[in-house]
Every structure is written in C-alpha cells, then in structure tokens.
K.L.:
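I'd like to ask some things about the structure below.
What you are looking at is a predicted structure, and each value in this text was computed from that prediction instead of being measured. Heavy atoms only: backbone and side chains are in, while hydrogens, waters and symmetry mates are out.
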Amino acid sequence: MKLMADDERILAAMDPYGLRAMNYVREHCPARFAAIPNPVSYFYDLGEQLRSAVLAAEEAAENTSAATAPESPEAWLARLGRANMARLMAEEAVFSEMVYSAMPPETDEDEDDLEWEAAWEPLLPDLSPRPDLEEETHL
C-alpha cells in the first residue's frame with residue numbers, strides 16, 4: 001500500500017483502536033482490505049467510532065461495579081483494578097461486535113494445509129471398540 005503525504009499524516013494521528021482494526025483486517029481479511037478505496041481514512045474514522053463505543057461501554061461497566069470506600073491504599077488499588085478490567089472488557093466487547101464479527105477472517109484452503117491434513121497420523125493407535133472385530137475374536 002503506497003501512502004500519500006496526507007495518508008501518512010492521518011496514519012500518524014490515527015487512534016490506536018483504528019490501527020489495531022486496520023492491522024487485523026489487513027492480516028486476516030486481505031481481499032476486504034484491498035477493496036477499501038482509502039483504507040487510511042476508513043480506519044481513521046473507524047478508530048474514532050471504536051474509541052467512542054469503548055468509552056461508553058467502559059463507563060457503563062464502571063457504574064455497575066461495587067463502590068469501595070477511598071480510605072486505604074488497598075481501596076485505591078481495587079478501584080484501579082476494576083477500572084482497568086472495565087476498559088479491557090469494553091474493548092473486547094466493542095471489537096468483537098464492530099470489527100471481528102463484521103469482518104470475519106477469510107478462509108484460504110491452501111494446498112499445503114490439505115497435504116498436511118492428509119499426511120497427519122495420530123500419535124496413539126485407535127483403541128476404540130470395533131463391533132466387526134469383536135464378532136470375529138469371540139467365535
């Protein structure tokens with residue numbers, strides 16, 4: 001992908017969520033990525049939408065968590081831990097909905113994969129009971 005000067009400026013200012021989404025689509029959905037006319041602008045805008053959605057989900061998660069009295073350092077650490085967990089859960093939920101589900105990975109049945117599957121052998125022999133062999137051995 002050849003970048004223009006404006007694209008480089010936009011890419012440098014892009015939200016980390018936009019970069020994360022762009023890297024995911026570029027790696028896992030190359031055909032869809034190639035079909036986007038201006039991927040830098042598209043993912044810049046998507047990054048802004050993702051940021052807004054994550055902040056809203058994070059705020060909702062924080063509001064539902066139990067309050068801790070601010071007297072002790074342990075209470076501060078507990079609040080910090082809940083805030084961090086709320087952010088991570090919000091990021092996962094938003095990315096699952098807006099990126100991963102919207103753009104599932106493209107499957108590419110490679111000849112190498114098919115050859116590998118055909119050459120696969122189990123490490124242990126199949127010890128499951130076989131009715132056809134039991135009849136012969138119990139005669």
Side-chain angles (χ1 to χ4, degrees):
M1 175 174 83
K2 183 151 172 55
L3 295 177
M4 306 296 258
D6 287 340
D7 288 343
E8 289 178 6
R9 182 182 52 75
I10 293 170
L11 191 60
M14 188 181 293
D15 189 273
Y17 293 144
L19 285 173
R20 183 172 152 189
M22 184 169 74
N23 289 334
Y24 167 80
V25 174
R26 182 185 306 142
E27 183 175 334
H28 298 286
C29 313
R32 279 192 214 110
F33 186 81
I36 299 172
N38 188 345
V40 174
S41 293
Y42 176 82
F43 287 103
Y44 181 87
D45 294 339
L46 182 60
E48 297 296 319
Q49 294 169 17
L50 290 167
R51 170 72 54 193
S52 296
V54 166
L55 289 175
E58 180 181 359
E59 186 177 309
E62 284 179 357
N63 289 338
T64 60
S65 67
T68 307
E71 296 92 38
S72 68
E74 292 83 16
W76 179 82
L77 286 173
R79 285 193 314 276
L80 179 63
R82 281 195 306 276
N84 286 337
M85 185 54 64
R87 186 189 71 252
L88 291 171
M89 290 171 57
E91 287 175 359
E92 183 60 33
V94 168
F95 267 81
S96 290
E97 180 183 330
M98 294 178 69
V99 179
Y100 305 139
S101 294
M103 297 182 200
E106 296 169 358
T107 56
D108 184 38
E109 288 295 326
D110 222 28
E111 287 181 21
D112 295 337
D113 291 341
L114 295 175
E115 288 175 15
W116 180 85
E117 288 177 15
W120 180 83
E121 292 182 28
L123 295 175
L124 299 173
D126 183 13
L127 300 176
S128 58
R130 292 184 49 196
D132 58 326
L133 291 179
E134 288 178 11
E135 291 174 8
E136 293 176 10
T137 58
H138 293 2
L139 291 176

K.L.:
Remaining members of M85's ILVMFWY cluster at a side-chain heavy-atom cut-off under 4.5 Å?
P.N.:
M89
K.L.:
If you look at every heavy atom in Y17 and L50, which pair is closest and at what distance?
P.N.:
O-CD1, 3.7 Å
K.L.:
List the residues meeting side-chain hydrogen bond (donor to acceptor under 3.5 Å, both in side chains) with S52, not counting sequence neighbours, and say none if there are none.
P.N.:
none
K.L.:
Applying salt bridge (charged side-chain N to carboxylate O under 4.0 Å, His left out), can you list everything that pairs with E58, at least two apart in sequence or on another chain?
P.N.:
none
K.L.:
Tell me the salt bridge (Lys or Arg N to Asp or Glu O under 4.0 Å) pairs involving residues 12-21, sequence neighbours left out?
P.N.:
D15-R51, R20-E91
K.L.:
Output all residues satisfying side-chain hydrogen bond (donor to acceptor under 3.5 Å, both in side chains) with D45, sequence neighbours left out; order by chain, then residue number.
P.N.:
none
K.L.:
Report the distance from atom OG of S41 to atom CG of L46, rounding to the nearest 0.5 Å.
P.N.:
12.5 Å
K.L.:
Checking R32 now: which residues fulfil salt bridge (charged side-chain N to carboxylate O under 4.0 Å, His left out) with it, not counting sequence neighbours?
P.N.:
none
K.L.:
Counting C-beta onward and ignoring hydrogens, is there a side-chain heavy-atom pair between H28 and E106 closer than 4.5 Å?
P.N.:
no
K.L.:
What pair of heavy atoms forms the shortest contact from A61 to A86, and how long is it?
P.N.:
CB-CB, 3.8 Å
K.L.:
Could you list the residues that satisfy side-chain hydrogen bond (donor to acceptor under 3.5 Å, both in side chains) with E97, not counting sequence neighbours?
P.N.:
none
K.L.:
Does anything in residues 34-44 pair up under salt bridge (Lys or Arg N to Asp or Glu O under 4.0 Å), and if so which pairs, sequence neighbours excluded?
P.N.:
none
K.L.:
Quick check on the hydrophobic clustering: are Y100 and M22 connected, directly or via other members, by side-chain heavy-atom contacts under 4.5 Å?
P.N.:
yes
K.L.:
If the condition is side chain to side chain contact (heavy atoms under 4.5 Å, CB included), which residues does E59 pass it with, not counting sequence neighbours?
P.N.:
N63
K.L.:
Under a 4.5 Å cut-off applied to non-hydrogen side-chain atoms, are F43 and F33 in contact?
P.N.:
yes
K.L.:
Looking at every non-hydrogen atom in both residues, tell me the closest pair between V94 and A57 and how far apart they are.
P.N.:
CG2-CB, 4.4 Å
K.L.:
Restricting to non-hydrogen atoms, name the atom on S101 and the atom on S96 that form the minimum distance, rounded to 0.1 Å.
P.N.:
OG-O, 2.7 Å
K.L.:
With distance as the sole test, does Y24 use its side chain to make a donor-acceptor pair with the main-chain N or O of M103 at under 3.5 Å?
P.N.:
yes
K.L.:
So, for M14 and L19, which heavy atoms are closest and what is the spacing to 0.1 Å?
P.N.:
SD-N, 3.5 Å
K.L.:
Does Y44 have any ring pair (Phe, Tyr, Trp, His ring centres under 6.0 Å) partners at least two apart in sequence or in another chain, and if so, which?
P.N.:
none
